Amino acid sequence: MNTISATSAPTIPSLREARAFAGRKHRLFIGGNWVDPAEGQGFATSDPATGEKLGEIPRGSDVDVDRAVAAARKAMEDPAWRDMKPAQRARLMERLADAMESAMDELGVLESLDNGKSLRDARNFDLPHAIATVRYNAGWATKLTGETISLSGPGNWHAFTLKEPVGVVAQIVPWNAPLAMACAKIAPALAAGCAVILKPAEETSLTALRLAEIIAEIGFPDGVFNLITGYGEEVGAALTAHPGVDKVTFTGSTEVGRHILKAAAGNFKRVTLELGGKTPVIIMPDADVSKATMGAAMSIFANAGQICNAGSRLFVHERHFEEVVDGVAKIAEGIKLGGGLDPDTQMGPVISSAQRNRIHDYIDGGLADGASLRTGGKRLERTGNFVPPTVLTGTSAEMAVRREEIFGPVLCAMSFSEDDLDAIAAEANASDYGLGAVVWTSNLSAAHGLARKLKAGTVRVNGGGLDPALPFGGFKQSGWGRENGREGLEAYTETKSVAISY
Ligand code: NAP
Ligand code: MG
């Protein structure tokens, strides 16, 4: 298992360490100790490009969840954490970011092997974003403040608010950007002074295990960070139902989000949900067509479309429709599919054969419903969970392929003829989701007008991307609450009002 496979270039820095790490015996991290899962079981994790087994992941259970919740609760009462000065929390987090930076090569290779994404993407996006998120939130630890408030009742009052850590937080993350998602949750929670129990996705637990090892060396008090790997229906469900958990934050499917909301009702846990999306990309008549075409292609094909904010519905003004769709199709046809570690790879496999089948079912369903295939669409005869970048035209708003989150490299392209911003926005807003929207235009009024009319948590004009300072989250069925920015930090706090008569 620890040998370098013939298809992997042996010159990749840290490949040997990453494989050795993946293949060794793993444990859960609870209360500052590495422990075997109570039921002693494990399951395989594999490279989605080849099916090769990379290692064995511990299968946690409700017994382990009980242990982790007890450890986290203890940490919240422990003066070492409870009374730690904000500057010291910030220092620990900066140290964590430094240690991640030192381990960047290895973490990137691990992410690429386990998830299938290209090493280039892991290095250029996932790792820098994860580290930037830790640094950004480290800065907040010393800047978390309440306010003073003037009261109007009789007497003299000094009234103010305190921002206190919400307590023990369960954090459940998906497989599409495992480490970046984990850090988006861990970092603000630690900055706010919470204790964390992380549950990574079963398909991609390796970077979380390596991160736990790094955290263990940093010097956070025992129980502040805990890691339980395992299945969603077991560990995830036990965490969300647990009366000792004060808050649950989740990124993943809308369906599981609904389960979590119900489970959280038992003790009225605070809940933040980052769910699915069906992001519209709107290309206006005055857009820079070549930039917009490239942007539209990147938006749906990056990470093989496995991004909650992937631009899966493309609305192009009729003046440019043929040119843009042709351009996107040409880009799609030029994309090199391959294993994550191959330096030529532009798009890796999707995470699992189940996802591959699910994506093809959507494409086939769309075609059966009357859509036309512009490019891609066919099942590839090759090993690995590869899906060709696909462009469909001729879809209608009721079709599942146009309505539901596919989480794959599948674009539905539509043209519009109106110039009225309300009409354009209405079409883009015809979705149960409201995570993101992208507009390409050189007209300032269209940019501002659509930014206000689109029902989405994030509107980007003439570009894409993520920044830890910019709140991110969904309208409608795309979620509850926001991550990133001040709001993302405050989501890990309770506001306490204090009024003192004098
Ligand atoms: P998912 O089932 O929602 O998984 C996300 C996380 O939730 C994983 O850690 C999962 O554990 C856990 N989980 C599953 N069932 C749970 C439960 N009952 N209680 C608590 N936690 C639970 O997503 P998926 O199956 O990986 O992907 C399915 C679809 O979800 C995708 O096709 C896509 O449409 C959507 N998705 C969206 C995002 C996003 O960023 N918005 C990310 C991933 C997936 P396991 O890994 O053990 O299942
Ligand atoms: Mg895997």
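One-based numbering, in listed order, for ligands and for the atoms of each. It should be emphasised that the depicted structure is a prediction, and the values quoted were computed from it without experimental measurement. Throughout, residue positions are numbered sequentially from 1 according to the sequence presented.
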Check: In terms of side-chain heavy atoms, does E255 have a donor or acceptor partner in S253 at a distance below 3.5 Å?
Finding: no
Check: Is it the side chain (CB and beyond), the backbone, both or neither of E255 that lies under 4.0 Å from ligand 1, heavy atoms counted?
Finding: neither
Margin query: Taking the ring centre of each residue, are F475 and Y433 less than 6.0 Å apart?
Written below: no
Next item on the list: Classify the contact between I351 and ligand 1 as side chain, backbone, both or neither, using a heavy-atom distance cut-off of under 4.0 Å.
Entry: neither
Note to self: When you measure from atom 4 (O) of ligand 1 to the protein, is at least one non-hydrogen atom found at a distance under 4.0 Å?
What the structure shows: no
Check: Would you say E404 contacts ligand 1, with heavy atoms under 4.0 Å as the rule?
Finding: no
Next item on the list: Could you find the nearest protein heavy atom to atom 17 (C) of ligand 1 and give me its residue, atom name and distance?
Entry: G232 O, 3.5 Å
Notebook entry, point to check: For V256, is at least one N or O under 3.5 Å away from an N or O on ligand 1?
Noted result: no
Checklist line | Interatomic distance, T50 atom OG1 to L113 atom CG [nearest 0.5 angstrom] | finding: 8.5 Å
Item checked: T240 N/O to ligand 1 N/O under 3.5 Å -> no
Margin query: Assess whether a salt bridge exists between R123 and D105, defined as any Lys/Arg side-chain N lying under 4.0 Å from an Asp/Glu carboxylate O.
Written below: yes
Next item on the list: May I ask you to check whether H129 and D467 show a side-chain donor-acceptor distance below 3.5 Å?
Entry: no
Check: Salt-bridged, R135 to E101, with N to O below 4.0 Å?
Finding: yes
Notebook entry, point to check: Would E333 and T375 count as having a side-chain donor-acceptor pair, cut-off 3.5 Å?
Noted result: yes
Item checked: Distance-only side-chain donor-acceptor flag, T272 / K247, under 3.5 Å -> yes
Check: Considering W175, F250, Y231, F43, which one's heavy-atom position lies nearest to atom 27 (O) of ligand 1?
Finding: W175
Check: Only one of R270, R73, K269 forms a salt bridge (charged side-chain N to carboxylate O under 4.0 Å, His left out) with D246, so which one is it?
Finding: R73
Check: What protein heavy atom sits nearest atom 12 (C) of ligand 1, and how far away is it?
Finding: I172 CG2, 3.6 Å
Notebook entry, point to check: Quick one: nearest non-hydrogen protein atom to atom 46 (O) of ligand 1, plus distance?
Noted result: E202 N, 2.8 Å
Next item on the list: Answer side chain, backbone, both or neither: which part of Q306 comes under 4.0 Å from ligand 1, heavy atoms only.
Entry: neither
Check: Taking non-hydrogen atoms only, is T251 closer than 4.0 angstrom to ligand 1 via side chain, backbone, both or neither?
Finding: both
Checklist line | ligand 1 atoms in contact with P174 (distance to a heavy atom under 4.0 Å) | finding: 42 (C), 43 (C)
Next item on the list: Return yes when G230 approaches ligand 1 closer than 4.0 angstrom through a heavy atom, no otherwise.
Entry: yes
Notebook entry, point to check: Below 4.0 Å from any atom of ligand 1, is there a heavy atom belonging to P200?
Noted result: yes
Next item on the list: Heavy-atom distances under 4.0 Å are what count here, so tell me which part of L275 touches ligand 1: side chain, backbone, both or neither.
Entry: backbone
Notebook entry, point to check: Just checking, is any N or O donor in the side chain of D114 or T45 under 3.5 Å from an acceptor N or O on the other one?
Noted result: yes
Margin query: Can you tell me which portion of A263 lies within the under-4.0 Å heavy-atom range of ligand 1? Options are side chain, backbone, both, or neither.
Written below: neither
